[in-house]
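This report refers to the structure that appears directly beneath it.
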Amino acid sequence: MTEQAADSYDFQAIQDRWLPVWEELKPFEVPNAGSDKPKKYVLDMFPYPSGDLHMGHAEAFCFGDVLARYWRGRGYDVLHPIGWDSFGLPAENAAIKRGVDPREWTYANIAQQKASFRIYAPSFDWSRVLHTSDPEYYKWNQWLFLKMYEKGLAYRKASWVNWDPVDQTVLANEQVLADGTSERSGAVVVKKKLTQWYFRITDYADRLLDDLDALEGHWPAKVLNMQRNWIGRSTGAEVEFEIEGREAKVPVFTTRPDTLYGATFMVVAPDSDLAAELAVSASPEARMQFQEYLTETQRQSEIDRQNADRPKTGVFLDHFAINPVNGERIPVWASDYVLADYGHGAIMAVPAHDQRDLDFAREFELPVRVVVDVRDETGESLPDPLESGVATAGDGVLVNSGPLDGLRKAEAIARAIEVLEERGTGRAAKTYRLRDWLISRQRYWGTPIPILHGAEEGNAGEMRAVGASELPVRLPASEGLDLKPKGSSPLGAATEWASVTDAAGTAWTRDPDTMDTFVDSSWYYLRFLSSQDDTQAFDPTAVNAWGPIDQYAGGVEHAILHLLYSRFITKVLHDLGYLDFEEPFSALLNQGMVLQDGAKMSKSKGNLVEFASELGEHGADALRVTLAFAGPPEDDIDWADVSVQGSAKFLARAWRVAGDVASEAGVDFAGGDATLRKHTHQLLADAPGLIEHYKFNVVVARLMDQVNVTRKAIDAGAGAADPAVRESAEAIAVILSLFAPYTAEDMWAKLGHRPTVALEEWPAADPALLVEDEVTMVVQVNGKVRDRLTLPASVTEAEAEAAARASEAVQRAIGDREIANVIVRVPKIVSIALR
RNA sequence: CCCCCCAUAGCCCAACCGGCAGAGGCAGCCGACUUAAAAUCGGCACAGUCUGGGUUCGAAUCCCAGUGGGGGGACCA
């Protein structure tokens, strides 16, 4: 080491010094059995291997790592694994574009990301690494599918599905954005009727919704809100309407069974089976009109359909329904404002009290009957909706409603349900916005669905699950397969792979579809406990010992999809008896985005900050400190607002403090400078709470403050040999190791200790050093600060008040006015109110 | 249209249960060191908390209304 290197901070030299040492020590490998320490499972959402790591990864993995390192410092065994979410469309599309094997492309990217992670140095347990595209992993994906299939939770149905015309595959509802475009390709999604595999997530809708309550305070409020909206439970009643000339009754869902007497017509979705059936028995003109209308609505894009301002359209279906409560005969219409896949695809229309129904009634001159007397604040009845064009949806007293008359809305809803149940024509019911999870994809780079379809006359239409002993169903080589999107799965063309003859000589064809990659990521956290185990998906004993995940960290872009699916699969595995917990993620941290000049970074905008170049230029520590210090982790970071050089400057200052310490390691701190010791112990006392509340930026600020104070003590106070200086430097190294592991390790070595500071337990704050012997109390007169009193910490309320009254400045402020009230809050304030 | 979150120095952000608006940083200015610059060190200055009401002895903090920004849902019966 040259003289120069010894006293100037060189991040490259420090990285080069410690990386090999850590790789030798493997300090973050934790056996499943752990030790006798308590356990924490800290997980970052695993990355997708599209190219190298980017700044978003840098941020996410920084925060996860701070928490993992924190809990280690607090005396826990911490499991902090890493893997790759390596199946999926982007890899496949990129592979098509470059004419390479998706497998090669994917694993090359993984290798690159691993190399970047090595330098960035999150405290991963590398012995547990997994890739979802390994047969050793997706075998268990198939196992999971078969478990779901056995339980009736995986099923096939023909339905209108979201079709991405660019990627040429179906999409889950969750993958279609609000504007009707695909979240992946950006193409306008169209509807296609196809037979597809689904997971029955709607069976779990109530639990998925209700169990969110227990996560309150541990998950971001925003994510809870989004999940609740997504599940979208409505409570009300199912009412059965008879349709003249039809055997079976038609159920409709309503949140307002109290308004049944106001139902003056029925509307069915044009693309529903019921509409088609009713049209068959309608008059020829009505049938023709309906056909035209149906064609018209199906031409509409999702975007047009979602435009709420457009006028109501519809056709009369030439049928009448009977209102079960009053026997009234009401016309049945078809209109696209009723959705086929929500509720029962049919509604009872109450135009007086529902705006959509009113708009429709006014358009087609259907009757409007007020059954709830809704009043405004002055007690005046609101105007008749037919005239005003405004439906009255609020609370009020029921009228024109037979037995419900005189009841208020809530009572009337309850009573209406009772009436329906007594008569057997309805019941209380709930319905959800959430739909079953469509999991089949017509693409190559995913987990093959382990199902065989009958391929000869004798077994045509039959389905058979692949036996557990035959798993995994491996993906065939991509060589010779046309991976280009063409609307059917590339695997179907792999005839040799797809054709199967069983022991009895019967011919079968493999299901050609692959699973949505969200299946892969819905349970990966369980696999980390036994990523090499080829006898089971996961080890229930180990999983129950470590799980659920104590701290999950990742992007808010997964607020619905990934988190909802993981919660669902966790509940299923709980119900199957594998898990003793029902929620996978006890606490969740969502980091914000890294922006540049207020905009999302992208190559096309030319505002990309490259992770690799930042890492090379400033080093891992400066980058991590910058990200942690930029602000609250859940806020977006604008790279234009931060200074990586500033972080580097701070690290150099901290590092020099350690180098200046002149006392020996192991020296007794007790005799050290009291002021500095107090400062150090205040930091030690505050840091845990700050970290646990994700206030990383505040902890970094406190470390800067501690470095500044220590610098002053060395240069102008106690001096470099004072034990308090060593105590402070050691505390800085230990806490700084969460953010800047290399620098902290080097400081630790300079302070005469052996690696690694990452496994060092935090020194305890000494309560005796935290008590102040003097306090400053503020005296306010009529809310204005008039004096500051320095008083002993043991001061009583009466003494403080006396001192305040004795103050000259206070007396001047009071003058000759009378004191109305004196409030004393030791040790903060004396507040004097004048009359 | 409905729901949720946010607003503090030029900028990024702190401020516990309502109790002195400032912990830290960036940018700025002055000075020390230097032949000079960089780095480093020392110092300085900067807001009364988006607006308007209310509660309180006391409000950045609680309540109401609004403005601006962000997010979610939305023809969901």
Side-chain angles (χ1 to χ4, degrees), chain A residues 8-9 178 220-230 232-234 236-237 239 252-256 259 267 269 305-310 312 335-339 341-350 353-357 359-360 431-434 556 559-560 592 625-626 629-632 634-638 640-647 649-650 652-653 656 683 686 689-690 693 695 697-708 711-712 715-716 776-788 819-834:
Chain A
S8 90
Y9 176 81
K222 180 175 154 180
V223 175
L224 295 174
N225 184 32
M226 283 166 75
Q227 294 237 338
R228 290 190 177 111
N229 282 341
W230 191 262
R233 178 165 67 196
S234 306
V239 186
V252 304
F253 175 78
T254 177
T255 56
R256 295 292 305 272
T259 62
V267 187
R305 242 193 114 130
Q306 283 180 5
N307 178 8
D309 300 334
R310 70 204 176 97
K312 291 283 181 285
S335 173
D336 63 2
Y337 84 89
V338 174
L339 308 177
D341 53 358
Y342 187 78
H344 298 285
I347 61 155
M348 62 176 218
V350 184
H353 307 295
D354 182 288
Q355 191 60 46
R356 294 154 302 178
D357 296 345
D359 294 343
F360 192 83
T431 188
Y432 306 86
R433 209 187 82 95
L434 181 71
V556 73
I560 298 173
V625 166
T626 302
F629 182 58
E634 57 274 15
D635 286 7
D636 290 346
I637 297 172
D638 196 323
D641 294 332
V642 302
S643 166
V644 190
Q645 283 96 334
S647 303
K649 197 165 94 179
F650 156 64
R653 279 168 64 82
R656 278 194 304 269
L683 172 65
D686 293 347
L690 290 169
H693 289 100
K695 296 186 173 209
N697 55 327
V698 182
V699 176
V700 174
R702 292 288 300 272
L703 282 169
M704 290 173 169
D705 181 39
Q706 187 70 27
V707 169
N708 292 345
R711 179 82 261 158
K712 276 198 185 102
D715 293 346
T776 303
M777 285 187 69
V778 171
V779 187
Q780 287 184 356
V781 179
N782 273 356
K784 288 209 172 83
V785 178
R786 295 301 184 184
D787 201 6
R788 284 152 224 265
I819 293 174
N821 195 9
V822 179
I823 283 121
V824 184
R825 291 285 178 273
V826 175
K828 294 274 187 186
I829 203 159
V830 178
S831 182
I832 299 170
L834 302 180

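Sequence lines set the chain letters: A, B, ... in the order given, protein chains first and strands last, and positions in each chain run from 1. All heavy atoms count here, side chains included; hydrogens, waters and symmetry mates do not.
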Identify all pairs in which a protein N or O lies below 3.5 Å from an N or O of nucleotides 37-44 of chain B, and state each distance.
from: B/rU40; atom 1: O3'; to: A/R656; atom 2: NH2; distance (Å): 3.2
from: B/rC41; atom 1: OP1; to: A/R653; atom 2: NH1; distance (Å): 2.1

Kindly give the atom pairs (protein nitrogen or oxygen, nucleotide nitrogen or oxygen) under 3.5 Å for nucleotides 3-13 of chain B.
from: B/rC11; atom 1: O2'; to: A/D641; atom 2: OD1; distance (Å): 3.4
from: B/rC12; atom 1: O2'; to: A/A630; atom 2: O; distance (Å): 2.8
from: B/rC13; atom 1: O3'; to: A/N697; atom 2: ND2; distance (Å): 3.3

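Projected onto RNA chain B by closest heavy-atom contact, A/G343 and A/A833 fall at different nucleotides, the more 5' of which corresponds to A/A833. Positionally, the nearest nucleotide of RNA chain B for A/Q645 lies more toward the 5' end than for the other of A/Q645 and A/G345.
Under the Watson-Crick and G-U wobble criteria, each requiring two contacts below 3.5 Å, nucleotide B/rC16 is left unpaired. Across all strands shown, B/rA60 has no partner, as no Watson-Crick or G-U wobble contact with both distances under 3.5 Å is found. The base-pairing partner of B/rG28, taking Watson-Crick or G-U wobble contacts with both distances under 3.5 Å, is B/rC44. Pair check for B/rA36 finds none; no Watson-Crick or G-U wobble contact set falls under 3.5 Å. Across all strands shown, B/rA65 forms a Watson-Crick or G-U wobble pair with B/rU51, both key distances being under 3.5 Å.
Look at the P atom in both B/rC63 and B/rG18: the space between them is 11 Å, to the nearest Å. Between B/rA21 and B/rA59, the two P atoms lie 10 Å apart (nearest whole Å). Distance check on atom C1': B/rC62 versus B/rC2 gives 25 Å, rounded to whole Å. B/rC41 and B/rA27 have their P atoms separated by 13 Å, with the value rounded to a whole Å. Using P as the reference atom, B/rC5 and B/rG66 are 16 Å apart when rounded to the nearest Å. As rounded to the nearest Å, B/rC75 and B/rG69 have C1' atoms that lie 28 Å from one another. Using C1' as the reference atom, B/rU49 and B/rC13 are 13 Å apart when rounded to the nearest Å. Taking atom P on both B/rA60 and B/rG72, the two are 33 Å apart, rounded to the nearest angstrom.
At a threshold of 4.5 Å between non-hydrogen side-chain atoms, the residues A/M226 and A/K222 count as touching. Between A/S643 and A/T626 there is no side-chain heavy-atom pair separated by less than 4.5 Å. Two residues are said to be in side-chain contact when any heavy atoms from C-beta on lie closer than 4.5 Å; A/I819 and A/L834 meet this criterion.
Atom P of nucleotide B/rU56 and atom CD1 of A/I829 are separated by 18 Å, given to the nearest angstrom. Going from atom CG of A/L834 over to atom C1' of B/rC57 covers 10 Å, rounded to whole Å.
Among the nucleotides B/rC26, B/rA23, B/rA15, the one closest to the side chain of A/K695 is B/rA15. Closest to the side chain of A/D336, out of B/rA77, B/rC16, B/rC75, is B/rC75. You'll find that the side chain of A/A701 is closest to B/rA23, out of B/rG19, B/rA77, B/rA23.
Evaluation of atom-type donor-acceptor distances gives no pair under 3.5 Å for the side chain of A/S643 against the base of B/rC26.
When the side-chain hydrogen bond (donor to acceptor under 3.5 Å, both in side chains) test is applied to A/D705, the partners found at least two apart in sequence or on another chain are A/H679.
Annotated as syn: B/rG48, whose glycosidic dihedral is within 90° of 0. Base orientation of B/rC64: anti (glycosidic angle beyond 90° from 0).
The CG atom of A/L703 sits 10.5 Å away from atom CZ of A/F629, with the distance rounded to the nearest 0.5 Å.
When each of A/D357, A/V267, A/I347 is tested with A/S335 by the rule side-chain contact (heavy atoms from CB on, under 4.5 Å), just one qualifies, namely A/V267.
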